[in-house]
Amino acid sequence: MARLKLVVVGGGITGLAAAHRAVEVARERSTELELTLVEARDRLGGTIATEQAGGFLVEGGPDSFLSEKPWALALCRRLGVEHRLVRTDDRFRKVFVWRAGRLHALPDGFQLLAPTKLGPFVRSGLFSWPGKLRMALDLVMPRGTNDDESLGAFVRRRLGREALERVAQPLVAGIYTADPDDLSLTATMPRFFELERRERSIILGLWRANRRAPQTGTSGARWSLFVTFQNGMEEMVTSIASRLPRGAVRLKHRVDGIERSGRGWKVVGGLGPALEADHVIVAAESYTASRLLRYVDPALATLLGEIPYASSATVSFGYRRAEVPHALDGFGIVVPQTERRSVFACTFSSVKYPGRAPDGHVLLRCFVGGALNEGILESDDSALIAGTRNELRELLGITGEPVLSRVARWTKAMPQYHVGHAGRVETIERCAAALPGLHLAGGAYRGVGIADCVRSGEAAAAQVFGAL
Ligand SMILES: Cc1cc2nc3c(=O)[nH]c(=O)nc-3n(C[C@H](O)[C@H](O)[C@H](O)COP(=O)(O)OP(=O)(O)OC[C@H]3O[C@@H](n4cnc5c(N)ncnc54)[C@H](O)[C@@H]3O)c2cc1C
């Protein structure tokens, strides 16, 4: 029987998915796998962190994953936990945009960057008439010629400044906690790049695509666009961890370096002796991978170190329902940067998903910081809570005391795909391919969401066995 020693560095969803896939493939191939997953913190999950307190279910990090990208959902099926998933309450799919002192519903049919339904768009008070006409220019405008440009430049060019400032920027901030003028269009929203190439007009392209295939999640689909677990995202972590071999996981084990060792590798760090491995999957942040590999391949380490990360925090509040004057008839609010607030998004968590707040209560989750406002994270927790409550008074008219407050800080946790990212990742992958037995995975490379991280981790595991 073939024998393989594998070390996975990092116990976030990427490392867990990689380790789990390795166990699956080893079983299929009758390979004896000696697996060690090392994690610096005292718990698994990385940015996935669920807390249950006083009948509330608070997600410090991600609150859901995208079901449209198949990898996380497929993993849940293989784990036998698909029945634990819950869908969003799509009666309340609406998103509000805060502008000039009031909340405007994002017009029905607005797809991230552009409108697809004429009536709701024309009637919306979110845009001025010149702004609406400028967006309509997309219908007649010629194609652009850039290979890659920033998301901000793309939206400004095709749809105008209002579309960028009032919708694209705040929605993108909600996903990437990023500045759209830095983000690469091809790395973050390749669909819009391709739409322009293929159809010329973004609005027409979206409209034709909608006619061909009704949007998933709106009617009849088994799963809504975003799904989560009944007891929160940490269920995904515990489900995977429970399927790893006993003793495979080592917590509080911070890796300090990776070295070559004969035909294999040596993983240095933690309290015990170095771990010898035939293969190593580095599923930590890319700046950590850079540090760990600095003596193995300095050029690769430099490229890895060049991927920037943003920091943010979530500030969650539980309120008695009677204390919240707003109808909360949506999934939440996004706040454009032009409004100069510290909260850039607020999810109505207990409206979006069932079981997030006890009867007669609501759970609201606000985002602060991100690439455009990292300075705010220097404030301590009590200042973040006070500042966020002030803004909730303005956004939703809440003056009462919360029954629960929580702050979760995510320092350098969100990779930023700047212009040129796709090219940098290709070079990184070429360099890594020249290091047999060394594999990189995680949200830094080809997708920041949980579904992408699962794909990345599982692909790294497949490479391990492909090399056998
Ligand atoms: C606030 C927030 C909200 C988000 N919301 C969503 C959402 O709703 N849906 C979605 O799909 N995605 C969301 N994301 C993105 C998603 O959470 C992440 O992309 C994903 O969880 C990253 O997983 P990962 O395993 O690649 O990295 P991480 O979760 O960062 O895990 C990396 C792990 O490596 C460990 N590590 C680092 N250095 C070392 C070392 N030297 N030795 C050992 N271990 C080490 C770390 O401790 C960590 O546990 C959100 C992210 C944030 C920050």
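The first residue of the sequence shown is numbered 1, and numbering continues consecutively from there. Computed from a prediction, not measured in an experiment: that's the story for all the values here.
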Minimum heavy-atom separation for [X] to [Y], with atom names?
X      : Y      : result
Pro415 : Gly443 : CG-O, 3.3 Å
Ala18  : Ile281 : CB-CD1, 3.9 Å
Ala461 : Ala22  : CB-N, 3.7 Å
Ala241 : Leu44  : CB-CD1, 3.8 Å
Phe344 : Val368 : CE2-C, 3.6 Å
Ser64  : Ile450 : O-CD1, 4.1 Å

State, yes or no, whether a side-chain contact exists between [X] and [Y] at a heavy-atom distance under 4.5 Å.
X      : Y      : value
Met135 : Phe121 : yes
Asp182 : Val419 : no
Phe96  : His104 : no
Lys266 : Leu275 : no
Glu259 : Val296 : no
Val315 : Arg406 : no
Ser456 : Arg446 : no
Leu159 : Leu164 : no

Between [Y] and [X], is the closest basic N to carboxylate O distance under 4.0 Å?
X      : Y      : value
Asp108 : Lys117 : yes
Arg156 : Asp181 : yes
Glu149 : Arg157 : yes
Arg78  : Glu458 : yes
Glu199 : Arg208 : yes
Asp452 : Lys69  : yes
Asp381 : Arg409 : yes

From CA spacing to verdict: salt bridge (charged side-chain N to carboxylate O under 4.0 Å, His left out), Arg21, Glu24:
CA-CA 5 Å; Arg21 186 70 196 132; Glu24 282 182 326; 2.6 Å; yes
What's the spacing between [X] [atom1] and [Y] [atom2] if we round to 0.5 Å?
X      : Y      : atom1 : atom2 : result
Asp147 : Leu185 : CG    : CG    : 11.5 Å
Asp63  : Met233 : CG    : CE    : 8.5 Å
Thr177 : Met414 : OG1   : CE    : 5.0 Å
Leu57  : Ser350 : CG    : OG    : 11.0 Å
Leu106 : Gln111 : CG    : CD    : 10.5 Å
Arg260 : Asp297 : CZ    : CG    : 8.0 Å

Chi angles and distances behind the salt bridge (charged side-chain N to carboxylate O under 4.0 Å, His left out) call for Arg158, Asp138
CA-CA 5 Å; Arg158 288 234 57 105; Asp138 165 78; 2.6 Å; yes
State, without any angle test, whether [X] and [Y] hold a side-chain donor-acceptor pair at a distance under 3.5 Å.
X      : Y      : answer
Ser184 : Thr186 : yes
Asn373 : Gln337 : no
Thr50  : Glu59  : yes
Thr288 : Glu285 : yes

Is a donor on one side and an acceptor on the other found under 3.5 Å between the side chain of [X] and the backbone of [Y]?
X      : Y      : result
Glu391 : Ser342 : yes
His421 : Ala444 : yes
Ser30  : Ala26  : no
Ser312 : Gly369 : no
Thr31  : Arg27  : no
Arg143 : Arg197 : yes
Glu374 : Ser311 : yes
Glu196 : Gly144 : yes
Arg166 : Leu126 : yes
Thr116 : Gly109 : yes

Answer yes or no for Lys352 and Phe226: cation-pi contact, defined as NZ/CZ to six-membered ring centre under 6.0 Å and angle to ring axis within 45°.
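Relative to the ring axis of Phe226, which defines the angle, Lys352 lies inside both limits.
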Step by step, would you call Lys5 with Glu276 a salt bridge (charged side-chain N to carboxylate O under 4.0 Å, His left out)?
CA-CA 8 Å; Lys5 271 190 186 180; Glu276 296 282 344; over 6 Å; no
For the ring-ring contact (aromatic ring centres under 6.0 Å, His included) test, which of Tyr287, Trp410, Tyr417 pairs with Tyr309?
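Considering Tyr287, Trp410, Tyr417, a ring-ring contact (aromatic ring centres under 6.0 Å, His included) with Tyr309 is found only for Tyr287.
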Let's go through Arg191 and Leu206 carefully: what are the C-alpha distance in whole Å and the side-chain angles of both, what is the deciding distance for side-chain contact (heavy atoms from CB on, under 4.5 Å) to 0.1 Å, and is it a yes or a no?
CA-CA 10 Å; Arg191 180 180 176 217; Leu206 286 175; 3.5 Å; yes
Does Glu378 have more than 12 heavy atoms from other residues, nucleotides or ligands lying within 6.0 Å of its CD?
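It does not: Glu378 CD has 12 such atoms or fewer within range.
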Run the numbers on Val268 and Ile258 for side-chain contact (heavy atoms from CB on, under 4.5 Å), then give the verdict.
CA-CA 6 Å; Val268 183; Ile258 296 174; over 6 Å; no
Before giving the answer on side-chain contact (heavy atoms from CB on, under 4.5 Å), spell out for Val8 and Leu35 the whole-Å C-alpha distance, their side-chain angles and the decisive distance to 0.1 Å.
CA-CA 8 Å; Val8 178; Leu35 170 72; 4.0 Å; yes
Residues Val97, Leu103; criterion side-chain contact (heavy atoms from CB on, under 4.5 Å); working and verdict:
CA-CA 6 Å; Val97 181; Leu103 293 175; over 6 Å; no
Could you walk me through whether Arg91 and Asp329 pass salt bridge (charged side-chain N to carboxylate O under 4.0 Å, His left out), step by step?
CA-CA 8 Å; Arg91 287 173 303 163; Asp329 50 346; over 6 Å; no
